[in-house]
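The shown structure was predicted, so the numbers you read here are calculated from the model rather than taken from an experiment. So you know, we letter chains A, B, ... as the sequences are listed, proteins then strands, and number each from 1.
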Amino acid sequence: MNIEKLPTQQENFSEWYNQVIQRAELADYAPVRGCMVVRPYGWAIWENIQKALDQRFKETGHVNAAFPLFIPMSFLEKEKEHIEGFAPELAIVTIGGGQTLEEPLVVRPTSETVIGHMYAKWIKSYRDLPVLINQWANVVRWEMRTRLFLRTLEFYWQEGHTAHETAQEGQEETLRMLDVYADFAINEAAVPVVKGRKSESEKFAGADTTYSIEAMMGDTRALQSGTSHNLGQHFAKAFNIQYLDRNNELQYCWTTSWGLSTRFVGAIIMAHGDDQGLILPPRLAPIQVVIVPIYKNDEEKAAVLPVAEKIEKALSAFRVKLDAREEMTPGFKFNDWELRGVPLRIEIGPKDVAKEAVMLARRDIPGRDGKISIGIEGLAEKVGDLLVEIQAALLQRATDFREAHTTTPSDYAGLQEAVQNGWALAHWCGNPECEANVKEDTKATIRNIPFEMQGESGKCIICGAPATDKVIFSKAY
RNA sequence: CGGGGUGUAGCGCAGUUGGCAGCGCGCUGCGUUUGGGACGCAGAGGUCGGCGGUUCGAGUCCGCCCACCCCGACCA
C-alpha cells in the first residue's frame, strides 16, 4: 500500500478520484483498455445499491428477468434513431465457433430491442398489460475516453422495461421510476438530486422524452445519476408490440425504460469524499462500524481484545468489523479506515476498558471534533442514532454545497462565468443552436430542465427570445 | 481517427559518453514496537514493451511494430 497522502481535491480532483478508488480497493484497471475490475469492497457498495433499488422496484410491482447478451444486428436497425445513436459505440461479434456468422451479433449496449421482440410475442391482449420487468445486467458501449465507474466499456446496471395500454400510463410509469431513483439517491445515498427533463440533444436514442436525476459532485460538475425514458410507441411500432383493446381493436403499446448503473458508485465517491478519502453513507456502507483495539503488550491485549469482541457482538445489528490485525499500528488503521470511508470508528484501549467506555469517531467530522467518549452501556442504541445522524449530515452537507455553487446569472457573460465553477440556472428558449453555442463557448451543457422550476417564463439567456424553460447549465461527467 | 507523451521489479521512478540492473514504497522471515500513517536486521522479486539493425559490447544509438496515458470529436 502506498502510504503517501492522497492529492487533495483542491489540487487535482480527478487524480484524487482515481487514487482513492484504487487505494480503497473499490476497483482496478482490467487488462483490456477501458474496462475495470470491481473489487469486493466496491462490489459490496453496488450490492447495497442493488438491494435498495430492487426492493423499491418490487414495491412498485416490477419483477426481475434475464435477457441475452447478444442481439442480432438487424434488431438494432429496426428503430432508426436508436441505431443512429448507438452505432458508433457498438461491440460486434462476427465469428462464433470458428465460423463467420451469417448475421453479426451486437453485444448489448442496452436491451430495448431484444426485450421489444419478446414483448411482441408475449403481449396479445389488454389483459396482458402492463408488463413490468427489470433486469440486472452488464452492457457494453465502446467509449473513447473512460474513467473508473463513470464511463467504462463494460458496466453493470439495471434496466427496467415496461409496456402499457395508454400514453398516460406510460408517462406515469416513466415519472414513477424517476421518483424511485430520486428517493433512492436522497434517502439511501444521501446524494441530493434534481429531477428534470433532458433537452432533445441529450435524450436517449429512440425515446420520446428522457428524464434524469442530476447530482453535483465535489468539483461542482454535474453527474447524470439515473435516467427514465418515455419511449412512446417507437419501439412498439418497430417490433410490433400490439394488443387487442377492450373494443377488440389492435393497438400499439406504450413502452418505457429506465436505468441506473455502477456509475452511481462514482457519484457517491465524488459527492461525499474528502481529502482523507471516501465517506460512505451509512445506509450503503459495506462496513458501518469498525472497531480498532489498542494495546501495548500482551497484558493489555488480554484486557482489551475480549472487550472489543464483546462490543462487536453487541453491535451485530450493524455491519461491523473488528480490525484485530497484529501487524499494523492503530494510527495506520485509523487512516486506512478513513480512506475506505467507514462512517463510524470505535477505538478501545486500556483507558477505555478501565472506564467501561469507548471512543467513537465520526468519519464525516475529521479530527478531535468528531470524537466522543461514551459508556459501553447502551452503545448499540447510540451507534444506531449516530449512523442516522451521519446519514442526515451527509445529505445536508451535499445539499448546502450544491446551493453554495448554484447561481442565477442575468446575462450571457454571467452564464459563461458561472459555469466555470458551479451550476447556473437560466432561461432557455428551446433552440438547439443556443444550447450548442453554450457548449462551444464554455463546454457546459444543459443538464436538465428541472420540474421544480417549470412555469417560470423569461428570456433566453443566450439569444433573448421568450423562454418558458428554466434549465441547469453545467459542465458534466 | 488527429495532436502530444510514456513504456526498466507489484507500484512510483533513476540509469551519465554505449561497459556488472539500481533506488524508494510494497512483499517475505525474525526481533523490538502499538492512543493518528513504527523501527532494525536478513531476504525474495527483472524477457529493461516487441522485432530487427549498428557495435567487441545496447536499458542507452537507429528503424519498424505494439501497448497504455493525456488533449480533442462521442457518451450512462
Please determine if A/R56 and A/E59 form a salt bridge, counting it only when a charged side-chain N lies under 4.0 Å from a carboxylate O. no
Given atom CG of A/D28 and atom P of B/G10, what is their separation to the nearest angstrom? 14 Å
Take atom C1' in B/U60 and the same atom in B/C20, then report the distance between them in whole Å. 15 Å
Which nucleotide, in any strand shown, forms a Watson-Crick or G-U wobble pair with B/C39, with both distances under 3.5 Å? B/G31
Is a donor-acceptor contact shorter than 3.5 angstrom present between the side chain of A/K371 and the base of B/G36? yes
Pairwise P distance, B/C41 and B/G24 [rounded to whole Å]: 12 Å
Short side-chain N/O contact from A/T329 to OP1 or OP2 of B/A38, under 4.0 Å: yes
B/G43 to B/C48 separation - C1' atoms, rounded to the nearest Å: 23 Å
Verify, without hydrogens or angle tests, whether A/T152 (side chain) and A/L148 (backbone) share a donor-acceptor contact under 3.5 angstrom. no
Could you work out the separation of B/A58 and B/G15 based on their C1' atoms and round it to a whole Å? 14 Å
Taking only the C1' atom of each, what is the distance from B/U17 to B/C13 in whole angstrom? 23 Å
Does B/C1 have a Watson-Crick or wobble partner in any strand here, with both distances under 3.5 angstrom, and which is it? B/G72
Using Watson-Crick or G-U wobble geometry with both distances under 3.5 Å, which nucleotide pairs with B/G19? B/C56
Determine the interatomic distance between P on B/G36 and the same-named atom on B/U32; round to the nearest Å. 22 Å
Quick one, which residues of residues 192-218 of chain A touch RNA chain B with a heavy atom under 4.0 Å? none
Donor-acceptor pairs are to be reported for all side-chain atoms of residues 367-377 of chain A against protein atoms at under 3.5 Å, with residues two or more places apart or in another chain.
residue: A/K371; atom: NZ; partner: A/E347; partner atom: OE1; Å: 3.2
residue: A/K371; atom: NZ; partner: A/E347; partner atom: OE2; Å: 2.9

Taking atom types as they are modelled, would you say the side chain of A/D336 forms a donor-acceptor pair with the base of B/G37 within the 3.5 Å cutoff? no
Separation of B/C11 atom C1' from A/Y29 atom OH, nearest Å, is 13 Å
Expressed as a whole number of angstroms, how long is the span from A/Q19:CD to B/G12:P? 10 Å
Can you tell me the distance, in whole Å, between the CZ atom of A/F332 and the C1' atom of B/G35? 17 Å
Contact class for A/F155 vs. all strands (heavy atom < 4.0 Å): base, sugar-phosphate, or nothing? base
Side-chain atoms of residues 299-313 of chain A: list all donor-acceptor pairs with protein atoms under 3.5 Å, sequence neighbours left out, distances to 0.1 Å.
residue: A/E300; atom: OE1; partner: A/K296; partner atom: N; Å: 2.7
residue: A/K301; atom: NZ; partner: A/E326; partner atom: OE2; Å: 2.5

Please find out if less than 6.0 Å separates the ring center of A/F204 from that of A/F86. yes
By nearest atom, which of the nucleotides B/U34, B/A73, B/A76 is closest to the A/P330 side chain? B/U34
Give a yes or no on whether the ring-centroid distance for A/W258 and A/F57 is below 6.0 angstrom. yes
Just to be sure I understand the rule, does A/E143 reach a base, reach only the sugar-phosphate, or reach nothing, if contact means heavy atoms closer than 4.0 Å? base
Spacing of A/L339 atom CG relative to B/G36 atom P, expressed in whole Å: 19 Å
From the candidates B/A76, B/G72, B/G35, the one with an atom nearest any side-chain atom of A/K443 is B/G72
Do the side chains of A/D274 and A/R397 get close enough for a salt bridge, i.e. N-O under 4.0 angstrom? no
Before we go on, tell me: are the rings of A/Y119 and A/F235 under 6.0 Å apart, centre to centre? no
Using a heavy-atom cut-off of 4.0 Å across all strands, would you classify A/G259 as base, sugar-phosphate, or nothing? nothing
Which residue, A/L223 or A/E327, contacts RNA chain B at a nucleotide closer to its 5' end, judged by nearest heavy atom? A/E327
Nearest-angstrom distance from the residue atom CD1 of A/I268 to P of B/A76: 20 Å
If you look at every strand shown and take non-hydrogen atoms under 4.0 Å, does A/K351 touch a base, only sugar-phosphate, or nothing? base
For a quick check of understanding: with a heavy-atom distance under 4.0 Å over all strands, which category does A/R325 fall into, base, sugar-phosphate or nothing? nothing
Separation of atom CZ in A/R447 from atom C1' in B/A76, rounded to whole Å: 11 Å
Give a yes or no on whether a donor-acceptor pair under 3.5 Å exists between the nucleobase atoms of B/G36, that is its base, and the side chain of A/R368. no
Sidechain N-carboxylate O distance under 4.0 Å for A/K382, A/E389: no
Measuring only the P atom in each nucleotide, how far is B/G4 from B/C65? A whole number of Å is fine. 16 Å
Using the side-chain heavy atoms of A/E338, tell me which of these nucleotides is nearest: B/U34, B/A38, B/G36. B/G36
Measure from the ring center of A/W43 to the ring center of A/Y156 and say whether it is less than 6.0 Å. yes
Which residue lies toward the 5' end of RNA chain B, A/M328 or A/K439, if each is placed at its nearest nucleotide? A/M328
What is the nucleic acid contact for A/L150, judged by heavy atoms within less than 4.0 Å: base, sugar-phosphate only, or nothing? base
Between B/G37 (C1') and A/N335 (CG): distance, integer Å: 5 Å
Within residues 355-376 of chain A or reaching into it, pairs that qualify as ring pair (Phe, Tyr, Trp, His ring centres under 6.0 Å) - sequence neighbours excluded: none
Where along residues 276-313 of chain A does a heavy atom come under 4.0 Å from RNA chain B, residue by residue in number order? A/I294, A/Y295, A/K296
Please measure how far the P atom in B/U47 lies from the corresponding atom in B/C39, and state the result in whole Å. 31 Å
Of all residues at least two apart in sequence or in a different chain, which pass the side-chain hydrogen bond (donor to acceptor under 3.5 Å, both in side chains) check with A/K443? none
